[in-house]
Amino acid sequence: MSQPSSTSAVSARPRVRFAPSPTGFLHVGSARTFIFNWLYARHNRGTMILRLDDTDVERNTDASVDSIFEGLKWLNLSWDENYKQSERLDLHRKIAWTIFEKGLAYRDFTPAHTGDAERSGEQRSGEQRSGETRSGQQGTWLFNAGMPELPRAESDRRAAAGEPFALRFRVPRETGELIRFTDAVYGEQSKAAADIEDFALLRSDGMPTYHLASCADDADLRISHIIRGQDHLTNTFKHVLIFAAIAETTGAATSKAAGVAPPQFAHLPLLVAPDGTKLSKRRHGPVVSVTTYRDAGFLPEAFINFLCLLGWSPKNDREHMTLQELTDAFSLEGINRSNVVVNFKEAAASTNVVIPALSDAQGSNLLSYPEETFDPKAVWLNAEHIRALPIEDLSARLLLIVRAAGFSVTPEKMLHVTPLIRERIKLLRDVLTAADFFFVNQLPPYDPAELIPQKGDMAMALKVLTRAREVLANVEFKHDPLDQSLRAAAQELGVKAGQMFQPIRVAVCGRKNAPPLFETLEVLGREATLARVEQAIRKIQ
RNA sequence: GGCGCUAUCGUCUAGGGGUUAGGACGGAAGAUUCUCAAUCUUCAAACCCGGGUUCGAUUCCCGGUAGCGCUACCA
């Protein structure tokens, strides 16, 4: 874990951070935030920082930490520094108490609000926290500190007596002040201090809250740009207050932070589900998890490409872009302001799709989510990226999947198969259904009626296959000779080329839709081809 | 409820005081090919509503409506 440079000179190089809280898997919204931060850092030759915001002990899980790293690893985007908030609690507390000493915060001995289930969707009208506000006004929605500003001595006494308390920021409500900041995306923002409640800095167990920890770390790590979800836009007013307090206190207390300039903010439009609600694992399940995309056979570069187009535009009609092109083109100016629908299909359940050629489908989880689950644009972009990949590269990636599904295939064979299916697959896992017949010895059962050519009958199928058997026994197994001899055979038989090819295709592939015939035969080889033709003939007779 | 933010085809978006409102995905039709793809062509598809400002608003302003977010000792 490296330390940030402690030079007091403000660097021209931006320092940005991605700060997920480990309370669930890495979802696509978080991934996009990470990517935008990364792009901004790389575009400006700045520093990318990963920080785990894990101050919520109740909800944090190790599994979640693993899941986040798993997702980020797949994305294959690096970071330069790495922190955990839980290892920096001393710093947070120190800053909280400095703020307290400065008179900008106070102890609140009111028992913690226990109505935890209050949230869940329904509006709470007027918020029934009765009583007076700190400033003595009646009937406000604002948090009530429970008692009109305890005298400091009293507060000290009760604290010394061991009474639990939370530390609250004293928002300067009386002054009628307007809190303002400029957002790189949403422009000038302002909000009356009177509309901001006295938020907690420290919980009664001494743990810092998100607001405190986040700002304390952002200040300490000298984050220059905070790029995050728009759900934090309103919170930012609190953060502006905290940053101001930190600047005020550290200016006197510690020499090192003699002019902590508040960071610049850039809020990202939220990713929402087709029903308009914010993406959440709770509501939408694994379809919003990054690893689901990985397992479905998305290329990380395609997934990144897709996410970038959600709420950002290069403004030149380009859509299919490489990481480098994205990095070059990225800027905060291209970011939009309205929510973005990720057009996935919910409820497309994860029933296992059977791999035709593999009865005991080990690779079943690779096939859990049907293609329609995902945003069609993501799928299309993935196909674009697949087609843009060098054959060797694509082949290597496909081989991994094919082997994971239980087929034993050599890299050489895969290299021959890949060009035949490259334009026929949209997701990497499609290789299993598009090319399975290359990998098995025994074709799965198929309906003999499939062998019947267009405008033909079973007799024609038999005639064609019988003739094909002869031809294929002698012809050289290369595209051109196969093409010529089979066409010639069709002519002799008095059938159309298509009527000749189709029965052979079905005999060899076990289905009607498959890659081009001659290339397929070439890769398959004479032995397997003849065996399958033979089998088809027997099926008919 | 209060506060904040947002509003262009179904979706992602470009644009901007006068345009045939552009592109992409998806959809439809066609071309091509040994099937399926890929590719190419064509078509359908949008400026939330109401007031202003203006010679002229989809664009600027205000209001409404709708959606979203925040309003926790969650992040």
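Just so it is clear, the structure is predicted and the values come from calculations on it, not from any experiment. Throughout, a chain's letter reflects where its sequence line sits, starting with A, and its residues are numbered from 1.
- Applying the Watson-Crick and G-U wobble criteria (two distances, each under 3.5 Å), B:rC70 pairs with B:rG2.
- OP1 or OP2 of B:rC73 lies within a sub-4.0 Å distance of a side-chain N or O belonging to A:Arg168.
- Nucleotides B:rG15 and B:rG23 have their C1' atoms positioned 11 Å apart, rounded to a whole Å.
- Of the side-chain N and O atoms in A:Lys278, one or more sit less than 4.0 angstrom from OP1 or OP2 of B:rC70.
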Close N/O contacts between protein and nucleotides 31-34 of chain B (under 3.5 Å):
unit_1: B:rC34; atom_1: OP1; unit_2: A:Arg487; atom_2: NH2; d: 3.2
unit_1: B:rC34; atom_1: O2; unit_2: A:Arg505; atom_2: NH2; d: 2.2
unit_1: B:rC34; atom_1: N3; unit_2: A:Leu517; atom_2: N; d: 3.3

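- The base of B:rC73 sits within donor-acceptor range of the side chain of A:Ser204, with an N or O pair under 3.5 Å.
- Across residues 52-63 of chain A, A:Asp53, A:Thr55, A:Asp56, A:Arg59 each have a non-hydrogen atom less than 4.0 Å from an atom of RNA chain B (numbered order).
- If you check B:rA37 for Watson-Crick or wobble pairing at under 3.5 angstrom, you find it has no partner at all.
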Any N/O pairs under 3.5 Å between the protein and nucleotides 5-10 of chain B? List them or say none.
unit_1: B:rC5; atom_1: O2'; unit_2: A:Gln230; atom_2: NE2; d: 3.2

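- A:Arg387 comes within contact range of the sugar-phosphate backbone alone, with a heavy-atom separation under 4.0 Å but no base atom that close.
- A:Glu384 places its CD atom 11 Å from the C1' atom of B:rU39, with the value rounded to the nearest Å.
- For A:Asp62, the side-chain contact (heavy atoms from CB on, under 4.5 Å) criterion is met by no residue, not counting sequence neighbours.
- Within the structure, the side-chain hydrogen bond (donor to acceptor under 3.5 Å, both in side chains) test picks out no pair touching residues 334-343 of chain A (sequence neighbours left out).
- For the pair A:Lys512 and B:rU35, the criterion of a side-chain N or O lying under 4.0 Å from OP1 or OP2 is not met.
- Rounded to the nearest Å, the gap between the P atom of B:rU11 and that of B:rC48 is 12 Å.
- A search for salt bridge (Lys or Arg N to Asp or Glu O under 4.0 Å) contacts involving A:Glu163 returns A:Arg158, not counting sequence neighbours.
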